[in-house]
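Working notes for the structure below.
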Amino acid sequence: MALTGRAALIALLGTLVVSLLLPSWTGILAVQLVLALAILYDLLRAAPVRTLQFTRVGDTSVRLGEQASVHLTIANPSPRHLRAQLRDAWPPSSWPADTATDASRHALDVPPGERRRVSTHLTPTRRGDRTAHRVTVRSYGPLGLAARQGNHTVPWTVRVLPAFHSRKHLPAKLARLRELDGRTSVLTRGEGTEFDSLREYIPGDDTRSIDWRATARQSSVAVRTWRPERDRHILIVLDTGRTSAGRVGDVPRLDAAMDAALLLAAVASRAGDRVDFLAYNRRVQSTVQGRTAKDVLPGLVEAMAPLEASLIETDTPGMVSAVLRTARHRSLVVLLTGLDAAPVEAGLLPALPPLAQRHTVLLASASDPRVSEMARARGSVDAVYEAAAAASAQQERQRTADRLRHHGTTVIDADPGTLAPALTDAYLALKATGRL
C-alpha cells in the first residue's frame, strides 16, 4: 500500500479544521475516521497489481551511444479500471546521467479486460549486457488517496555492442586497399609480392619485371604484374588486464583498442585475409576463429561486447603461449596492449623472442592525449612542472617502444582518435611490402 500526496494534504487540512473548529479528541477521531474510510475505499476500488500480465518485445542489441526501444505490454484481466504509474527498472548505465527517472516511468490507463503498450527507450553508456530488473506498478483508486503497489519480473536483455567510431575511416582505407590490389589507375608497378598475370610491356615499366621466358614465346615483350598477398592469417590479441582499465581521453583504453581492432578486421577481411581474435588476461576471455569474411566483423562485435577490463596483471607468458597454440602457421599477430614500462619489461619482453621468431608482430597502444596537453603547457610554475612530468612519461614510452622495435616488433603508439587508422595503415604497409 502507498499513500499519495493528496492524502497527506487532506490530513493536514483536517488537522487545521480540528485545531480551529473542533479542538478535542472527538474532532480528531471524526476527521481521521472519515479520511481512513476514504483511503480504505480507494484501496478496495484500485485495480489489483498481482493479476496484471506482462509481455516484452523490442531490440536485443544496440551499439554504444545509440538508442534501443523495449516495448512492454500490460494486460488488465480484472473487472476494475487500472489507473497506475509504472516503473520499468534497468541498470543505471542504461541511460545518461539524470535521465533515468523520466525514461523509466510511464502513466497507465487500462480499462477492464484491455491491454496497453508502453515503450522504454534505452541509451546505454557502457558496453555489455543490460538486463531488466523488475517492473513496479502503483495502482491508484478513484479518489487518488491511496494505491496498491507490487513488483513483477519481466526478463529481457539488451546487449550493448562496441561503438565502432572508426567506421568513418573505412572508405579511405578500402580505397587504399584497392590501390594496392591494382584495381585503380594509381597503382605503381612492382607493388605487391604475389604474381597476378602477364601483360604487354609499356614504356616506363620497370625492366626488372620483364618475363624473358614469356617474351621468348611471343612477339612482344611481356612483364609480370603483381598484387598484394592474399589469404594471410591475422590474429588480433586484446589485452584485458590492468593496463586496459585506464581511461585515455573520454574512453577506456579497452574501448579504444576494440575500435582499432574492428577497423583492422574490416579492412583485412575485405583484403582476403583470415582474421581471428583472442582476448586474454590470465586466461582466455573470448575467441573468434574460422569465420568467413562476411561473418568476421559481427563475430568480433558479439565477442567484444561483454568484455571488461580486469584489475589484475596480465599473464604475458600465458598469453604468448595461447597465441602460439592458436596461430600454428606464420601469421601477423596484432597485440593491443599498453606501453607502460614495468609490465612490458617484466612480462612482454622476455616472452617476445619466440613469438617474433615465428610470426610478424605488430603492437598497438592507445596513449593519453592529456599527457600531450601537459607536455605543451607553459605559463606558470605548476604548468612547467606538469610539462616536465609529461615529457618524462613520453620519453619512457618511447624507450619502451624502441626496445620492442629492437626485437623486430612494429609499434604503433597513438591517441584514441588516431589509433585505429594508424594501425590499419601499418597493416596496409606490411601488406604492400610483402611482410605478411
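Note that this is a predicted model, so its numbers are computed, not measured.
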For Gln394, the side-chain hydrogen bond (donor to acceptor under 3.5 Å, both in side chains) test, sequence neighbours excluded, returns none

Shortest non-hydrogen contact from Pro142 toward Tyr41: CG-CE2, 4.0 Å

Got Leu307 and Gln285 here, is their nearest side-chain heavy-atom distance under 4.5 Å? yes

Do the side chains of Ile236 and Val275 get nearer than 4.5 Å, heavy atoms only? yes

Between Leu122 and Val158, is any pair of side-chain heavy atoms under 4.5 Å apart? yes

Who passes salt bridge (charged side-chain N to carboxylate O under 4.0 Å, His left out) against Arg134, sequence neighbours left out? none

Apply salt bridge (Lys or Arg N to Asp or Glu O under 4.0 Å) to Arg167 and Asp259, showing your working. CA-CA 9 Å; Arg167 184 191 300 173; Asp259 192 49; over 6 Å; no

Residues Arg83, Ser139; criterion side chain to side chain donor-acceptor pair (under 3.5 Å); working and verdict: CA-CA 6 Å; Arg83 304 174 186 86; Ser139 173; over 6 Å; no

Counting C-beta onward and ignoring hydrogens, is there a side-chain heavy-atom pair between Thr360 and Arg330 closer than 4.5 Å? yes

What heavy-atom pair brings Pro421 and Leu263 nearest, and what distance separates the two atoms? N-CD2, 3.8 Å

Please round to the nearest 0.5 Å and tell me the distance separating atom CG of Leu64 and atom CZ of Arg126. 10.5 Å

Test: side chain to side chain donor-acceptor pair (under 3.5 Å). Region: residues 47-64. Which pairs qualify, not counting sequence neighbours? Arg56-Asp88

Whether the Ser244 and Asp239 side chains hold a donor-acceptor pair (N or O, under 3.5 Å, no angle test) is what I'd like checked. no

Set out, in order, the CA-CA distance, both residues' side-chain angles and the distance that settles salt bridge (Lys or Arg N to Asp or Glu O under 4.0 Å) for Arg370 and Glu373, then state yes or no. CA-CA 5 Å; Arg370 174 59 181 156; Glu373 294 175 6; 3.5 Å; yes

Residues which pass side-chain hydrogen bond (donor to acceptor under 3.5 Å, both in side chains) with Gln289, listed by chain and number, not counting sequence neighbours: none

Taking every heavy atom of Asn76 against every heavy atom of Pro111, the minimum-distance pair comes out as ND2-O, 3.5 Å

Lys/Arg N to Asp/Glu carboxylate O, Asp276 vs Arg291, below 4.0 Å: no

With sequence neighbours excluded, residues passing side-chain hydrogen bond (donor to acceptor under 3.5 Å, both in side chains) with Thr125: none

Assess the side chains of Ser365 and Arg397: does a donor N or O sit below 3.5 Å from an acceptor N or O? yes

If you round to the nearest 0.5 Å, how far is CZ of Phe164 from CE of Met258? 13.5 Å

Using every non-hydrogen atom in the two residues, find where Leu143 and Ala38 come nearest and quote the distance to one decimal. CD1-O, 3.9 Å

Under 4.0 Å between a Lys/Arg side-chain N and an Asp/Glu carboxylate O for Arg176 and Glu179? yes

Sequence-distant partners of Asp402, salt bridge (charged side-chain N to carboxylate O under 4.0 Å, His left out), two or more places apart: Arg405

Test side-chain hydrogen bond (donor to acceptor under 3.5 Å, both in side chains) applied to Asp42 - qualifying residues, sequence neighbours left out: none

Taking every non-hydrogen atom, the tightest pair across Val361 and Ala356: CG2-CA, 3.9 Å

Any residue meeting salt bridge (charged side-chain N to carboxylate O under 4.0 Å, His left out) with Asp415, in chain and number order, not counting sequence neighbours: none

Using the side-chain contact (heavy atoms from CB on, under 4.5 Å) criterion, which residues pair with Pro416? Sequence neighbours excluded. Val248, Val251, Ala256, Pro369

Pair Asp102-Thr99, side-chain donor/acceptor within less than 3.5 Å: no

Euclidean distance, Leu161 CG relative to Arg127 CZ, rounded to 0.5 Å: 10.0 Å

Cut-off 3.5 Å, side chains only: do Arg242 and Ser310 have a donor facing an acceptor? no

Between Thr314 and Arg282, is any pair of side-chain heavy atoms under 4.5 Å apart? no

Applied to residues 151-164, the salt bridge (charged side-chain N to carboxylate O under 4.0 Å, His left out) test, sequence neighbours excluded, yields Asp129-Arg159, Arg159-Glu302

Might you point out which heavy atoms bring Pro353 and His407 nearest each other, and give the distance in Å? CG-CD2, 4.2 Å

State, without any angle test, whether His106 and Ser119 hold a side-chain donor-acceptor pair at a distance under 3.5 Å. no

Results of salt bridge (charged side-chain N to carboxylate O under 4.0 Å, His left out) for Arg253 - residues two or more places apart only: none

Look up atom CG in Leu423 and atom CG in Leu264, then write down how far apart they are to the nearest 0.5 Å. 5.0 Å

Between Asp382 and Ser380: side-chain donor-acceptor atoms closer than 3.5 Å: no

Under a 3.5 Å threshold, yes or no: a donor from one side chain and an acceptor from the other, between Gln149 and Arg138? yes

Would you compute the distance between atom CG of Leu235 and atom OG1 of Thr326 and round it to the nearest 0.5 angstrom? 6.0 Å

From Ser166 OG over to Lys173 NZ, what is the distance, rounded to the nearest 0.5 angstrom? 10.0 Å

Any side-chain donor paired with an acceptor under 3.5 Å for Asp109 and His81? yes

Are any non-hydrogen side-chain atoms of Trp95 and Ser104 less than 4.5 angstrom apart? yes

Counting only heavy atoms from other residues, nucleotides and ligands, does the tally under 6.0 Å from CZ of Arg116 exceed 12? yes

Please collect all ring pair (Phe, Tyr, Trp, His ring centres under 6.0 Å) contacts where either partner lies in residues 139-158, sequence neighbours excluded, each pair once. Phe54-His152

Closer than 4.0 angstrom, basic N to acidic O: yes or no for Asp315 and Arg283? no

With Val118 as reference, evaluate Thr73, Leu108, Val135, Val70 under the side-chain contact (heavy atoms from CB on, under 4.5 Å) test and give the passing residue. Leu108

